[in-house]
Amino acid sequence: MVKDGKAIKVEDIRFASVVDSAFWSAAELVFRDEILKIVDAHATFDLSAEIDEAVSEITRAIAKADLPGLQIKAGTPDIALDGVYVASSDLVVVANLTMPVDAEVTEAILK
């Protein structure tokens, strides 16, 4: 994770190739480092926009909550990436959500 827990970077990228000629084998050796540099330059995925949208959605949902007898006041949610797992065809990103919440029970709960 990088950038305050809002981006992931794939590291230690490697690749293998299967070629059927001496020419392509030589070409791979010549360009291997350049290919890896280009891939590495595009290996960071900034999820700030997605995290900011999730924070907005959570804030809106709590603001709209109508629970008779319960008043809820929530602070600003903080979402940070916690881990990344490799699945067969996907990267799975796990996030932590922390948010201060105050809840007050009112007389309406008795009705």
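When reading the values below, keep in mind they use all heavy atoms of this one structure, side chains included, and skip hydrogens, waters and symmetry mates. All figures in this text were calculated on a predicted structure; none of them were measured in a lab.
- How far CG of Leu47 is from CG of Leu81: 5.5 Å, rounded to the nearest 0.5 Å.
- Between the CG atom in Leu97 and the CD1 atom in Ile51 there is a gap of 11.0 Å [rounded to 0.5 Å].
- In terms of the side chain to side chain contact (heavy atoms under 4.5 Å, CB included) criterion, Ser89 has no residue partners (sequence neighbours excluded).
- The structure places CD1 of Ile13 at 12.5 Å from CD1 of Ile35, a figure rounded to the nearest 0.5 Å.
- Applying the salt bridge (Lys or Arg N to Asp or Glu O under 4.0 Å) criterion to Arg14, with sequence neighbours excluded, gives no partner residue.
- For residues 68-78, there are no side-chain hydrogen bond (donor to acceptor under 3.5 Å, both in side chains) pairs, not counting sequence neighbours.
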Applying side-chain contact (heavy atoms from CB on, under 4.5 Å) to Val84 and Val94, what does each step give before you reach the verdict? CA-CA 6 Å; Val84 178; Val94 177; over 6 Å; no

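- Checked against salt bridge (Lys or Arg N to Asp or Glu O under 4.0 Å), Lys64 has no partners two or more places apart in sequence or in another chain.
- Paired with Ile8 under the rule side chain to side chain contact (heavy atoms under 4.5 Å, CB included), one option of Leu91, Thr44, Asp46 passes, and it is Leu91.
- Asp40 is linked by a side-chain hydrogen bond (donor to acceptor under 3.5 Å, both in side chains) to Lys9, counting only residues two or more places apart in sequence or in another chain.
- With sequence neighbours excluded, the residues satisfying side-chain hydrogen bond (donor to acceptor under 3.5 Å, both in side chains) with Ser17 are Glu28.
- Going from atom CD1 of Ile58 over to atom CE of Met99 covers 6.5 Å, rounded to the nearest 0.5 Å.
- A donor-acceptor pair under 3.5 Å links the side-chain atoms of Arg32 to the main chain of Phe15, judged by distance alone.
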